[in-house]
Amino acid sequence: MLRQQDVGHRIVVRRIVGIREGRPLFSDALGELVELSETHLTLATAHGPLRVPVTQVHRAKRVPPTRRPTAAAVVALERAADEAWPAPTRGRIGDWLLRSADGWTGRANSALPIGDPDRPLAAAVDEVERWYAEQGQPAMINTPLPLAAPVGTELDARGWTARPPTLVQTAPLPLPAPSSVDTPPAAGRVELADGQAGAAGGQADAAGGQAGLAGEQAGLAGGQAGAAAGQAGRWESVVVELATAPSEGWLAFAAGRKGGLPDAARHVLTAVDQVRFAHGYVDGTLVAVGRATVTGQGRWLGLSLIEVSPEARRQGLARQVIDELAAWGVSAGATRAFLQVEQHNTAAVALYQRLGFVTHHTYLTRVAPH
């Protein structure tokens with residue numbers, strides 16, 4: 001059966017679609033798993049999204065992608081991602097990259113073992129451990145898979161642990177236009193509140209002695225409807241501005257998400273030639289942020305730190321931020337977009353799937369034993 005770590009990967013599902021002469025009828029579906037819950041799973045197929053109740057699943061498993069990226073393609077994308085997230089302290093072991101940023105984020109504080117380390121594998125890992133000890137940090141290595149599988153085998157033998165997998169996803173630019181899937185759910189809440197108002201009015205007509213109470217209920221429900229309508233209109237008034245530097249409010253968002261913001265973090269965020277910071281405002285209040293870079297010889301638009309304040313989520317603001325950043329990337333000459341998302345973040349994976357993102361490869365952040 002499937003697990004959360006299968007989200008973002010290609011799967012095949014055999015589901016029960018009916019009964020004939022006492023026997024179940026089956027149908028197979030192939031696509032990328034974008035959501036998995038206790039009650040249902042959703043996969044993106046060639047014919048659109050398919051939602052399958054778990055009770056109808058006869059069998060499901062992960063299958064290999066239609067085409068694996070070449071080693072050269074993985075290396076090129078990983079180097080573009082490194083350019084987009086530049087650690088201030090760096091070193092090399094042959095072609096391997098060593099990166100440190102005062103412990104801020106795993107990507108900026110881990111070795112990237114791509115290319116030839118110019119020495120035996122065991123000696124290369126020894127050098128990684130020595131270099132991070134000099135930085136006063138735990139040694140970490142990001143292992144793109146399957147490219148760095150031999151490195152993973154060496155780390156397994158040394159007792160290194162692994163953090164949850166991260167999906168490196170890509171999509172062609174420009175991104176697809178928004179669809180009804182992205183429509184905020186606020187309108188549905190308005191319709192529900194209107195129905196409550198009508199029901200309250202009917203109760204008032206039927207029960208003469210309680211007309212006043214029913215009228216109060218109708219007024220309350222009508223007020224809820226108006227408030228919901230106003231709230232829906234509020235989110236439609238979002239203004240997304242792009243800047244070459246983050247505002248203090250933007251940095252506060254990043255600090256809240258990443259657990260602080262040391263000086264090294266500002267270098268990681270800003271030390272890129274082509275970078276934009278998205279600020280999404282509603283009524284003058286910052287409610288959504290995002291960051292984009294263009295690296296990899298101008299080919300790759302990198303999206304990161306897409307964040308919406310809790311009270312503004314599920315209103316389509318993340319999509320608006322991404323659209324503005326993607327439009328800037330296209331104007332800068334980028335032809336493809338990439339992002340890195342934790343595999344267990346199923347809500348984000350589902351959003352990115354609707355934007356055309358598919359998993360290019362995965363990586364594991366490996367951590368040396370204490």
Side-chain angles (χ1 to χ4, degrees), residues 80-81 83-86 104-105 169 171-179 181-186 230-258 260-261 263 265-296 298-341 347-348 351-352 354-357:
E83 291 176 42
W85 202 254
W104 193 72
T105 77
Q169 298 197 314
L173 292 174
L175 297 178
S179 68
V181 176
D182 303 307
T183 301
Q231 192 76 344
R234 181 188 182 210
W235 303 127
E236 291 173 0
S237 66
V238 63
V239 175
V240 179
E241 299 177 356
L242 302 187
T244 56
S247 67
E248 289 304 314
W250 196 104
L251 292 171
F253 260 85
R257 179 173 177 178
K258 295 295 187 180
L261 209 66
D263 290 341
R266 294 175 183 258
H267 181 280
V268 172
L269 292 171
T270 62
V272 183
D273 289 339
Q274 296 194 79
V275 61
R276 290 295 184 274
F277 297 87
H279 300 69
Y281 296 98
V282 172
D283 299 332
T285 300
L286 184 65
V287 296
V289 300
R291 175 181 177 270
T293 57
V294 173
T295 58
R299 180 190 183 199
W300 287 104
L301 172 75
L303 296 171
S304 60
L305 290 172
I306 308 299
E307 184 77 7
V308 178
S309 60
E311 72 278 7
R313 289 173 185 164
R314 303 186 66 82
Q315 305 296 333
L317 272 65
R319 173 68 200 248
Q320 293 182 60
V321 166
I322 291 171
D323 283 344
E324 291 294 331
L325 292 171
W328 167 75
V330 171
S331 70
T335 57
R336 294 191 66 81
F338 79 89
L339 53 84
Q340 297 164 320
V341 57
L351 168 64
Y352 299 141
R354 292 196 297 272
L355 296 175
F357 283 87

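Note that this is a predicted model, so its numbers are computed, not measured.
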Q.
Consider side chain to side chain contact (heavy atoms under 4.5 Å, CB included). Of V289, L286, L317, V287, which one does S309 pass it with?
A.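 Of the listed residues V289, L286, L317, V287, the side chain to side chain contact (heavy atoms under 4.5 Å, CB included) partner of S309 is V287.
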Contact summary for [X] and [Y], nearest pair of heavy atoms:
X	Y	value
F338	A84	CZ-CB, 4.2 Å
Q274	A332	OE1-CB, 3.7 Å
A271	P86	O-CG, 3.4 Å
L325	I306	CD1-CD1, 4.1 Å
L301	W328	CD1-CZ3, 3.9 Å
A171	G356	CB-O, 3.5 Å

Does the side chain of [Y] come within less than 4.5 Å of [X]'s, by heavy atoms?
X	Y	answer
S247	F277	no
R291	V272	yes
L351	I322	yes
E83	T293	no
L305	F253	no

Q. Do NZ/NE/NH1/NH2 and the carboxylate oxygens of E307 and R313 come within less than 4.0 Å?
A.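 Between R313 and E307 there is a salt bridge, with a charged N closer than 4.0 Å to a carboxylate O.
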Q: On the 0 to 90° scale, with breaks at 30° and 60°, tag the W85-W104 ring pair as parallel, tilted or perpendicular.
A: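 The arrangement is parallel - the two ring planes meet at less than 30°.
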Q: Nearest 0.5 Å please: distance from the OH atom of Y352 over to the CG atom of L339.
A: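 One gets 5.5 Å once the value is rounded to the nearest 0.5 Å.
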Q: Look up atom CG in L175 and atom CZ in F357, then write down how far apart they are to the nearest 0.5 Å.
A: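 Between L175 CG and F357 CZ, I get 5.5 Å after rounding to 0.5 Å.
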Q) Is the backbone N or O of L355 less than 3.5 Å from a side-chain atom of R319, with the two atoms forming a donor-acceptor pair by type? A)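 No; zero donor-acceptor contacts below 3.5 Å.
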**Q.** Side chain W300, main chain R336, donor-acceptor under 3.5 Å
**A.**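 Flag not set: sc W300 to bb R336 has no pair under 3.5 Å.
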